[in-house]
Amino acid sequence: MIAPVSLRHQIFWNATIVISLIIAIYSTFFCLTRGIYEVFPFLYFLPIILFVNLYPNRGVAFSLAISTIFLLLVYFFSDFNPALIAVSTAWFVIFVTIGFVTSSFAEGFKAEERKYQEIFENSQAGIFTFSLPTLRIQEMNGKCAQMLGYNRYDLIDKELGSIFRDPGERDAFLSQLQKNADIGDIELLLQTREGQVRQFLVSASLSPGNRAICSAIDITERKLAERVIQKARDDLERKVRERSDELMRANDGLKAEILERKRFEATQIGRAHV
(Lines give C-alpha, C1' and ligand atoms only; values in the text may rest on other atoms or scores of the structure.)
Protein backbone atom coordinates (compact mmCIF):
# COMPACT_ATOMS: atom_id res chain seq x y z
CA MET A 1 0.00 0.00 0.00
CA ILE A 2 1.33 3.47 -0.93
CA ALA A 3 1.06 6.16 1.66
CA PRO A 4 -1.24 8.98 0.52
CA VAL A 5 1.35 11.55 1.55
CA SER A 6 4.09 9.80 -0.48
CA LEU A 7 1.80 9.54 -3.51
CA ARG A 8 0.98 13.25 -3.39
CA HIS A 9 4.67 14.00 -2.96
CA GLN A 10 5.59 11.93 -6.03
CA ILE A 11 2.84 13.47 -8.19
CA PHE A 12 3.93 16.97 -7.19
CA TRP A 13 7.58 16.40 -8.09
CA ASN A 14 6.76 14.59 -11.33
CA ALA A 15 4.61 17.56 -12.36
CA THR A 16 7.43 19.94 -11.37
CA ILE A 17 9.92 18.01 -13.53
CA VAL A 18 7.59 18.08 -16.54
CA ILE A 19 6.89 21.82 -16.14
CA SER A 20 10.58 22.69 -15.74
CA LEU A 21 11.43 20.59 -18.81
CA ILE A 22 8.74 22.29 -20.91
CA ILE A 23 10.02 25.70 -19.77
CA ALA A 24 13.61 24.76 -20.70
CA ILE A 25 12.65 23.48 -24.16
CA TYR A 26 10.35 26.43 -24.92
CA SER A 27 13.01 28.89 -23.71
CA THR A 28 15.54 27.24 -26.01
CA PHE A 29 13.22 27.66 -28.98
CA PHE A 30 12.32 31.24 -27.98
CA CYS A 31 15.94 32.32 -27.46
CA LEU A 32 17.36 30.67 -30.57
CA THR A 33 14.71 32.19 -32.85
CA ARG A 34 15.54 35.64 -31.47
CA GLY A 35 19.30 35.37 -31.49
CA ILE A 36 19.74 34.98 -27.72
CA TYR A 37 22.40 32.36 -26.99
CA GLU A 38 23.59 32.87 -23.39
CA VAL A 39 20.64 32.20 -21.09
CA PHE A 40 18.67 29.11 -22.07
CA PRO A 41 21.30 26.38 -21.32
CA PHE A 42 21.14 27.15 -17.58
CA LEU A 43 17.45 26.24 -17.51
CA TYR A 44 18.30 22.56 -18.10
CA PHE A 45 19.99 22.18 -14.72
CA LEU A 46 16.69 22.25 -12.83
CA PRO A 47 14.87 19.32 -14.53
CA ILE A 48 18.06 17.21 -14.45
CA ILE A 49 18.62 17.77 -10.73
CA LEU A 50 14.94 17.26 -9.89
CA PHE A 51 14.74 14.03 -11.88
CA VAL A 52 17.97 12.64 -10.42
CA ASN A 53 16.75 13.38 -6.91
CA LEU A 54 13.51 11.47 -7.54
CA TYR A 55 14.86 8.67 -9.77
CA PRO A 56 18.63 8.41 -9.15
CA ASN A 57 19.00 5.05 -10.91
CA ARG A 58 17.70 6.59 -14.17
CA GLY A 59 19.41 9.95 -13.84
CA VAL A 60 22.19 9.33 -16.37
CA ALA A 61 19.74 8.14 -19.05
CA PHE A 62 17.48 11.15 -18.43
CA SER A 63 20.36 13.65 -18.56
CA LEU A 64 21.59 12.02 -21.78
CA ALA A 65 18.12 12.23 -23.32
CA ILE A 66 17.53 15.86 -22.32
CA SER A 67 21.03 16.81 -23.45
CA THR A 68 20.37 15.22 -26.84
CA ILE A 69 17.11 17.18 -27.16
CA PHE A 70 19.01 20.35 -26.27
CA LEU A 71 21.69 19.67 -28.87
CA LEU A 72 19.16 18.85 -31.60
CA LEU A 73 17.26 22.07 -30.92
CA VAL A 74 20.46 24.06 -31.22
CA TYR A 75 21.43 22.29 -34.46
CA PHE A 76 17.99 22.86 -35.96
CA PHE A 77 17.36 26.48 -34.94
CA SER A 78 20.89 27.93 -35.08
CA ASP A 79 21.36 27.51 -38.83
CA PHE A 80 24.35 25.30 -37.99
CA ASN A 81 26.32 28.17 -36.47
CA PRO A 82 29.74 26.51 -35.82
CA ALA A 83 30.55 28.60 -32.73
CA LEU A 84 27.16 28.01 -31.15
CA ILE A 85 27.26 24.29 -31.98
CA ALA A 86 30.71 24.01 -30.33
CA VAL A 87 29.48 25.76 -27.19
CA SER A 88 26.30 23.66 -27.16
CA THR A 89 28.35 20.46 -27.48
CA ALA A 90 30.29 21.55 -24.38
CA TRP A 91 26.97 22.11 -22.61
CA PHE A 92 25.92 18.62 -23.70
CA VAL A 93 28.96 17.16 -21.96
CA ILE A 94 28.31 19.30 -18.86
CA PHE A 95 24.68 18.14 -18.63
CA VAL A 96 25.62 14.46 -18.93
CA THR A 97 28.42 14.88 -16.38
CA ILE A 98 26.08 16.58 -13.93
CA GLY A 99 23.57 13.76 -14.41
CA PHE A 100 26.23 11.13 -13.78
CA VAL A 101 27.76 12.80 -10.72
CA THR A 102 24.47 13.71 -9.06
CA SER A 103 23.09 10.23 -9.78
CA SER A 104 26.07 8.67 -8.01
CA PHE A 105 25.56 10.86 -4.95
CA ALA A 106 21.80 10.36 -5.00
CA GLU A 107 22.17 6.57 -5.29
CA GLY A 108 24.43 6.52 -2.25
CA PHE A 109 22.01 8.70 -0.33
CA LYS A 110 19.05 6.54 -1.34
CA ALA A 111 20.93 3.41 -0.27
CA GLU A 112 21.51 4.90 3.17
CA GLU A 113 17.89 6.00 3.29
CA ARG A 114 16.72 2.48 2.40
CA LYS A 115 18.95 0.99 5.10
CA TYR A 116 17.50 3.22 7.80
CA GLN A 117 14.00 2.71 6.40
CA GLU A 118 14.47 -1.06 6.76
CA ILE A 119 15.61 -0.58 10.35
CA PHE A 120 12.57 1.63 10.92
CA GLU A 121 10.17 -0.88 9.38
CA ASN A 122 11.64 -4.08 10.85
CA SER A 123 12.28 -2.86 14.38
CA GLN A 124 10.65 -4.98 17.08
CA ALA A 125 9.92 -1.75 18.94
CA GLY A 126 7.23 0.64 17.87
CA ILE A 127 8.70 3.81 16.34
CA PHE A 128 6.96 7.07 15.59
CA THR A 129 8.10 10.61 14.89
CA PHE A 130 6.38 13.93 15.41
CA SER A 131 7.06 17.61 14.89
CA LEU A 132 7.69 19.37 18.18
CA PRO A 133 6.40 22.80 16.98
CA THR A 134 3.12 21.42 15.54
CA LEU A 135 2.78 18.27 17.71
CA ARG A 136 1.65 16.34 14.63
CA ILE A 137 2.71 12.75 13.97
CA GLN A 138 4.93 12.48 10.89
CA GLU A 139 5.85 8.80 10.64
CA MET A 140 4.91 5.53 12.31
CA ASN A 141 6.18 2.03 11.64
CA GLY A 142 3.91 -0.98 11.32
CA LYS A 143 4.80 -2.35 14.74
CA CYS A 144 3.73 0.83 16.52
CA ALA A 145 0.50 1.07 14.52
CA GLN A 146 -0.26 -2.59 15.29
CA MET A 147 0.24 -2.06 19.03
CA LEU A 148 -2.18 0.87 18.94
CA GLY A 149 -4.70 -0.94 16.73
CA TYR A 150 -4.37 1.42 13.75
CA ASN A 151 -3.38 1.15 10.12
CA ARG A 152 0.10 2.65 9.91
CA TYR A 153 -1.12 5.65 7.86
CA ASP A 154 -4.22 6.43 9.94
CA LEU A 155 -2.28 8.57 12.40
CA ILE A 156 -0.03 10.42 9.94
CA ASP A 157 -0.49 14.19 10.36
CA LYS A 158 -2.76 13.63 13.38
CA GLU A 159 -2.26 15.58 16.61
CA LEU A 160 -0.08 13.82 19.19
CA GLY A 161 -2.88 14.03 21.73
CA SER A 162 -4.87 11.47 19.72
CA ILE A 163 -2.77 8.67 21.24
CA PHE A 164 -2.24 10.15 24.72
CA ARG A 165 -4.81 9.29 27.34
CA ASP A 166 -3.89 12.14 29.69
CA PRO A 167 -3.09 15.65 28.32
CA GLY A 168 -1.19 16.40 31.52
CA GLU A 169 1.04 13.37 31.03
CA ARG A 170 1.63 14.41 27.40
CA ASP A 171 2.60 17.96 28.43
CA ALA A 172 4.98 16.63 31.08
CA PHE A 173 6.58 14.33 28.48
CA LEU A 174 6.99 17.23 26.01
CA SER A 175 8.41 19.51 28.67
CA GLN A 176 11.01 16.92 29.64
CA LEU A 177 11.91 16.36 25.98
CA GLN A 178 12.38 20.09 25.40
CA LYS A 179 14.67 20.35 28.41
CA ASN A 180 16.86 17.28 27.78
CA ALA A 181 16.47 16.53 24.02
CA ASP A 182 17.18 12.88 24.84
CA ILE A 183 15.09 10.96 27.34
CA GLY A 184 14.70 7.24 27.94
CA ASP A 185 12.52 4.63 29.61
CA ILE A 186 9.55 6.81 30.53
CA GLU A 187 6.36 4.93 31.34
CA LEU A 188 3.42 6.48 29.49
CA LEU A 189 -0.22 5.53 29.09
CA LEU A 190 -1.25 5.52 25.41
CA GLN A 191 -4.71 4.99 24.02
CA THR A 192 -5.54 2.47 21.29
CA ARG A 193 -8.04 2.93 18.51
CA GLU A 194 -10.66 1.05 20.55
CA GLY A 195 -10.12 3.37 23.50
CA GLN A 196 -8.19 0.79 25.52
CA VAL A 197 -5.39 2.23 27.64
CA ARG A 198 -2.05 0.44 27.47
CA GLN A 199 1.22 1.09 29.22
CA PHE A 200 4.34 1.81 27.16
CA LEU A 201 8.01 2.30 27.89
CA VAL A 202 9.00 5.26 25.70
CA SER A 203 12.39 6.70 24.77
CA ALA A 204 12.66 9.88 22.70
CA SER A 205 15.26 12.17 21.19
CA LEU A 206 15.17 15.41 19.24
CA SER A 207 16.75 15.49 15.78
CA PRO A 208 17.55 18.62 13.74
CA GLY A 209 14.46 20.53 12.75
CA ASN A 210 12.74 19.85 16.10
CA ARG A 211 11.66 16.42 14.96
CA ALA A 212 11.13 14.00 17.84
CA ILE A 213 11.96 10.32 17.24
CA CYS A 214 10.30 7.98 19.74
CA SER A 215 10.56 4.26 20.35
CA ALA A 216 7.82 2.55 22.32
CA ILE A 217 7.57 -0.91 23.88
CA ASP A 218 4.22 -2.21 25.10
CA ILE A 219 4.75 -3.29 28.71
CA THR A 220 1.09 -3.73 29.63
CA GLU A 221 1.32 -7.51 30.04
CA ARG A 222 4.65 -7.23 31.82
CA LYS A 223 3.31 -4.66 34.26
CA LEU A 224 0.20 -6.81 34.79
CA ALA A 225 2.41 -9.82 35.48
CA GLU A 226 4.50 -7.73 37.86
CA ARG A 227 1.36 -6.65 39.70
CA VAL A 228 0.13 -10.25 39.89
CA ILE A 229 3.52 -11.40 41.18
CA GLN A 230 3.66 -8.52 43.65
CA LYS A 231 0.13 -9.31 44.86
CA ALA A 232 1.05 -12.99 45.25
CA ARG A 233 4.18 -11.95 47.15
CA ASP A 234 2.20 -9.58 49.35
CA ASP A 235 -0.41 -12.29 50.00
CA LEU A 236 2.32 -14.81 50.84
CA GLU A 237 4.02 -12.35 53.19
CA ARG A 238 0.67 -11.58 54.82
CA LYS A 239 -0.09 -15.28 55.27
CA VAL A 240 3.41 -15.87 56.65
CA ARG A 241 2.93 -13.01 59.10
CA GLU A 242 -0.51 -14.30 60.08
CA ARG A 243 0.85 -17.83 60.55
CA SER A 244 3.82 -16.48 62.50
CA ASP A 245 1.44 -14.51 64.71
CA GLU A 246 -0.65 -17.65 65.21
CA LEU A 247 2.44 -19.64 66.14
CA MET A 248 3.61 -16.89 68.47
CA ARG A 249 0.21 -16.80 70.17
CA ALA A 250 0.18 -20.61 70.37
CA ASN A 251 3.69 -20.53 71.76
CA ASP A 252 2.73 -17.89 74.32
CA GLY A 253 -0.31 -19.95 75.26
CA LEU A 254 1.82 -23.06 75.60
CA LYS A 255 4.31 -21.20 77.78
CA ALA A 256 1.51 -19.92 79.97
CA GLU A 257 0.05 -23.39 80.21
CA ILE A 258 3.43 -24.87 81.17
CA LEU A 259 3.95 -22.15 83.75
CA GLU A 260 0.48 -22.69 85.17
CA ARG A 261 1.11 -26.44 85.36
CA LYS A 262 4.41 -25.88 87.15
CA ARG A 263 2.64 -23.64 89.67
CA PHE A 264 -0.05 -26.28 90.16
CA GLU A 265 2.51 -29.03 90.64
CA ALA A 266 4.47 -26.88 93.13
CA THR A 267 1.24 -26.28 95.07
CA GLN A 268 0.49 -29.98 95.16
CA ILE A 269 3.98 -30.82 96.34
CA GLY A 270 3.74 -28.18 99.06
CA ARG A 271 0.45 -29.62 100.28
CA ALA A 272 1.90 -33.15 100.29
CA HIS A 273 4.69 -32.05 102.58
CA VAL A 274 2.25 -30.50 104.94
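Computed from a predicted model, the values in this text were never measured in an experiment.
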Which residues share a side chain to side chain contact (heavy atoms under 4.5 Å, CB included) with V18, sequence neighbours left out:
I22

With L72, which residues qualify under side chain to side chain contact (heavy atoms under 4.5 Å, CB included), at least two apart?
T68

Quick one: [atom1] on [X] to [atom2] on [Y], what's the gap to the nearest 0.5 Å?
| X | Y | atom1 | atom2 | answer |
| --- | --- | --- | --- | --- |
| L64 | R58 | CG | CZ | 15.0 Å |
| I156 | F130 | CD1 | CZ | 13.5 Å |
| C144 | M140 | SG | CE | 4.0 Å |
| L148 | K143 | CG | NZ | 11.5 Å |
| D166 | F173 | CG | CZ | 13.5 Å |

Return each pair, listed once, that meets side chain to side chain donor-acceptor pair (under 3.5 Å) where at least one residue sits in residues 21-32; pairs must be two or more places apart or across chains.
T28-Y44

Are L177 and L201 linked, directly or through other ILVMFWY residues, by side chains that come within less than 4.5 angstrom of each other?
no

Is there a path of hydrophobic side-chain contacts, each under 4.5 Å between heavy atoms of I/L/V/M/F/W/Y residues, joining V202 to I217?
no

So that I know where these two stand, are F95 and F70 an aromatic pair - ring centroids less than 6.0 Å apart?
yes

For the residue pair F62 and Y55, is the inter-centroid distance of their aromatic rings smaller than 6.0 Å?
no

Salt-bridge present (R238, E242; N to O < 4.0 Å):
yes

Quick one: do the Q191 and Q196 side chains pair a donor with an acceptor below 3.5 Å?
no

